[in-house]
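Just follow the structure's listing: the first ligand is 1, and inside any ligand the first atom is 1.
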Amino acid sequence: MLDELNRIRKSASLEIPAAHSSERLEALRIQFLGREQGALTLILRGLKDLPESERKKVGAAANRLRTDLEILFAHQRETLKKGAGTSRLLSERLDVTRPGIRVRRGHLHPITQVLRKIENIFLRMGFTVAEGPEIETEYYNFDALNIPDNHPARDMWDTFWLKPERVKSERLLLRTHTSPVQIRYMEKNAPPIRIISPGVVYRYEATDASHDIEFWQIEGLMVDRHISVGNFKAVISRFFSDLFGGKVEIRLRPAYFPFVEPGFEVDVMCLQCRGQGCSVCSKTGWLEMMGAGMVHPSVFKAVGYNPNPTTGGVQGFAFGMGLDRLVMMNYKIPDVRLMRGGDLRFLKQF
Ligand code: PHE
């Protein structure tokens, strides 16, 4: 019996401190001290069958062992509890010196970036921003701008016509330029006028690297008594100089647009070669930037303005500029279709 007790003491003192989970520890407690089949319990239960002399000795030794085991169990339980605390501390450790996880933010589309810059330049010169609808009527897109039906000038704009063919007797289309905003604004406001009007326009044509069916324009309109081409040159020179930084050379070439007279095309001296001729300007030394001109008297008549300066009427200039090409030049973008392609590899570069 005493041998048996020694054997239990030996294995218990090895196994209890090695128990690394509370489940394992509980299993050991049942193995040694369990009320039904515990090794020590069985010995204690067998005491009554022993002769008197031996019963005392074995009983005392068995009780000592029980106390020692209980201390061992209590100690190990304590160790496990502390250990659990430590491992939680370890697993939830926070290294405040580590670099943070970067929050990815988007950014403005290159067109929007350049547009904001352009708007700011004109706002500083006293212009305000006016907008108009992308679905227009034939009247605002053409007729009021001195482009009557069957006028050959309508061929200048390949148009998306909308169905149904007429809404309240008006034919609807996707505006081919921002010029209809001139009409809409003048109908509602009296001169003097200084506005720019940015927006998307549409042309029904085949797309390639330099043509898209959808692109941005910025319209400009200044109307007052005695506004001249001189005023236009001053405003537009200042605009290009501010936009490109530094003095920029411009030139006006005669051009035809039905809603202006005289009309011109505005060129900027090539920023790449300073007029020497290079691949950017197709060896001409100049970059074509916008259409412009003095507002045609028929346009003033269409909105109810007096177009005769000698009887107190007004004069003014208007211009229309493609924004996509400006942005493409600015960032050396080779294909206009990238602008609306939604390709993040492209967009992330700006
Ligand atoms: N609307 C013209 C176009 O789209 C540009 C323009 C605007 C020309 C204003 C003259 C005056 O081609």
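Between F264, F259, F319, it is F259 that holds the heavy atom closest to atom 2 (C) of ligand 1.
Protein heavy atom in closest approach to atom 7 (C) of ligand 1: G320 N, 3.3 Å.
Remark: R203 is not positioned above the aromatic ring of F215, lacking an NZ or CZ atom under 6.0 angstrom from the ring centre and at most 45 degrees off the axis.
Residues E219 and Y185 have side chains that never bring a donor and an acceptor to within less than 3.5 angstrom of each other.
Residue A292 approaches ligand 1 through these ligand atoms, each under 4.0 Å from one of its heavy atoms: 8 (C), 10 (C), 11 (C). Counting the atoms of ligand 1 from 1 in the order shown, those under 4.0 Å from a heavy atom of Q217 are 3 (C), 4 (O).
Contacts with ligand 1 closer than 4.0 Å are made by side-chain heavy atoms of E219 only, the backbone lying farther away. Under 4.0 angstrom from ligand 1, the non-hydrogen atoms of S179 all belong to its side chain. Within the 4.0 Å heavy-atom criterion, the part of R203 lying near ligand 1 is the side chain and not the backbone.
With respect to the salt-bridge test (charged N to carboxylate O, under 4.0 angstrom), the residues E15 and R24 qualify. The existence of a salt bridge linking R7 and E4 is confirmed by a sub-4.0 Å separation between a basic side-chain nitrogen and an acidic carboxylate oxygen.
Considering backbone and side-chain atoms alike, Q182 places every N or O at 3.5 Å or more from each N or O of ligand 1.
Ring pair F257/H177: centre-to-centre distance not below 6.0 Å.
The minimum heavy-atom distance between L145 and S179, with the atom names listed, is CD1-CB, 3.6 Å.
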